[in-house]
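Comments concern the structure below.
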Amino acid sequence: MSDQNPILFEKTPESILEFYNTPYKLNDVQIIEYQKNGFIKLPNVLEGEALNYSRKIITAAVNARTGHDKRTLNEKSQYEQSFKQCGYLCWDYPAVKDYVFGKRFAGIARDLMKVNGVRLWHDQALYKEPGGRLTDCHQDESYWPINSENTITMWMALVDVPEVKGCMRFIPNTHKIGVREYVDIFNNPHMPETMEYQIRTVVPLRAGDVTFHSGLTFHEANPNKTDEMREAMTVIYFEDGAVYSDEDARSKDHKSCWGLKPGDIIDTQYTPKLI
Ligand SMILES: O=C(O)CCC(=O)C(=O)O
């Protein structure tokens, strides 16, 4: 690690902590919309000082992880040209942990999925560099050995993310078709041949807005055609009680469930119950 920034180890101000743990009220229409489409946009989940502070600490964490890498975009792999991906930041940086563990966010995940409780799967910052290529279409659950339909990602825009800056695009209703072909966005991106759905919903966001999408919803992201970084932070949650699966196309190797056997309830040091 390089470029450690002391702010990553300072105590989170009380007012920010309070914001991270203040419920965000959803209405029934929003829950129905999520259940129907497999994704939803929610405005102002972060605002004011909490937004500024979150952006500052998450960017400091990304810089700490990647500051040593002086390669230009062209020198990077195709996958790395889609984004700088920094996962498990909350375990290295206490300031980021307070954000990732926020009950405000976990509460939304729980209510959208209509489950009793959620656990953390992992966090990851996804910073798409100026000129960064698109993020290829995929389904997250094929990367995760979780035997549950209830997995969800919160994708937080830390800066305004208009269409030209790499906003997310979702294929509505695809959360109802199960885990399809594994799409290897690292090495061999392509649309699965079984994908009959082609209509995308493009979702530009203002800083502090989020999208939540099901781990089963096919999605992708636009290229970043601007000369500024697209700064986004994700937190991934799953239903409390879900079990580890080594079936079908799912990737088996995942730090959040090291040591588990098929059928074990996922409850490891990296997957605490958040709400
Ligand atoms: O941020 C991106 O470019 C893609 C994000 C994504 O695929 C995800 O959060 O599941």
Side-chain angles (χ1 to χ4, degrees), residues 34 37-42 45 55 58-59 62 66 73 76-90 99-100 105 108-109 112-113 120-144 146 150-172 174-175 179-180 182-187 189-192 195 200-205 207 209-226 228-238 250-251 254 256:
Y34 172 78
N37 294 333
F39 66 92
I40 190 168
K41 168 180 172 174
L42 298 173
V45 171
R55 180 183 177 202
I58 293 163
T59 298
V62 170
T66 64
L73 193 61
K76 295 186 175 174
S77 69
Q78 177 167 278
Y79 182 72
E80 291 169 305
Q81 289 180 22
S82 289
F83 38 58
K84 293 188 192 191
Q85 180 179 28
C86 299
Y88 293 90
L89 292 173
C90 73
Y99 172 93
V100 170
F105 316 124
I108 302 174
L112 289 175
M113 295 195 289
L120 175 65
W121 182 239
H122 66 89
D123 65 75
Q124 63 184 0
L126 297 170
Y127 277 38
K128 199 183 276 290
E129 294 181 67
R133 70 185 287 280
L134 82 169
T135 309
D136 301 282
C137 192
H138 65 283
Q139 210 180 13
D140 295 334
E141 273 218 22
S142 64
Y143 293 93
W144 305 332
I146 307 173
N150 288 316
T151 60
I152 195 167
T153 297
M154 176 177 78
W155 194 100
M156 172 73 70
L158 297 170
V159 292
D160 290 349
V161 183
E163 283 194 39
V164 288
K165 204 171 185 177
C167 77
M168 294 282 276
R169 296 152 53 104
F170 300 95
I171 309 186
T174 44
H175 62 308
V179 179
R180 290 293 178 100
Y182 173 65
V183 180
D184 181 357
I185 62 171
F186 294 80
N187 301 308
H190 67 289
M191 280 294 288
M195 271 306 303
R200 268 84 166 144
T201 304
V202 182
V203 188
L205 298 178
D209 296 349
V210 300
T211 55
F212 275 81
H213 66 268
S214 160
L216 292 167
T217 302
F218 276 89
H219 60 281
E220 57 201 358
N222 280 348
N224 181 0
K225 295 185 175 156
T226 73
E228 290 168 1
M229 186 73 87
R230 184 213 69 183
E231 301 173 30
M233 177 65 175
T234 64
V235 182
I236 298 142
Y237 310 89
F238 67 99
R250 295 165 199 270
S251 159
H254 206 292
S256 295

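Side chains are part of it too, since the values below use all heavy atoms of this structure and drop only hydrogens, waters and symmetry mates. Order of appearance sets the numbers: ligands from 1, and atoms from 1 within every ligand.
For ligand 1, the atoms sitting less than 4.0 Å from at least one non-hydrogen atom of Asp140 are 10 (O), numbered in the order shown with element in parentheses. The ligand atoms of ligand 1 that sit less than 4.0 angstrom from a heavy atom of His219 are 6 (C), 7 (O), 8 (C), 10 (O). Close contacts of ligand 1 with Leu126, meaning ligand atoms under 4.0 Å from a residue heavy atom, involve 1 (O), 5 (C), 9 (O). Taking a cut-off of under 4.0 Å to the non-hydrogen atoms of Thr234, the atoms of ligand 1 that pass are 9 (O). Heavy-atom proximity to Phe83, at under 4.0 Å, picks out these atoms of ligand 1: 2 (C), 3 (O), 4 (C). Against a heavy-atom cut-off of under 4.0 Å, Ala221 is close to the following atoms of ligand 1: 2 (C), 3 (O).
In terms of N/O distances under 3.5 Å, ligand 1 is approached by Thr135. When only interatomic distances are considered, the shortest N/O to N/O separation between His138 and ligand 1 falls below 3.5 Å.
Aromatic ring orientation, Tyr143 versus His138: perpendicular (interplanar angle above 60°, classes split at 30° and 60°). In this structure, Phe39 and Phe170 have parallel ring planes: the angle between them is below the 30° cut-off, well short of the 60° mark.
Side-chain polar atoms of Gln139 and Ser142 form no donor-acceptor pair below 3.5 angstrom.
Between the side chain of Ser214 and the backbone N or O of Gly38 there is no donor-acceptor pair closer than 3.5 Å.
One distance of note links CH2 of Trp155 with CD1 of Ile236; it measures 13.0 Å at 0.5 Å rounding. Atoms CG and CE, on Leu112 and Met154 in that order, are 11.5 Å from each other to the nearest 0.5 Å.
No side-chain heavy atom of Met156 sits under 4.5 Å from any side-chain heavy atom of Leu205.
Under a 4.0 Å heavy-atom criterion, Met168 is in contact with ligand 1. Taking 4.0 Å as the cut-off, Arg230 counts as a neighbour of ligand 1 on heavy-atom distance.
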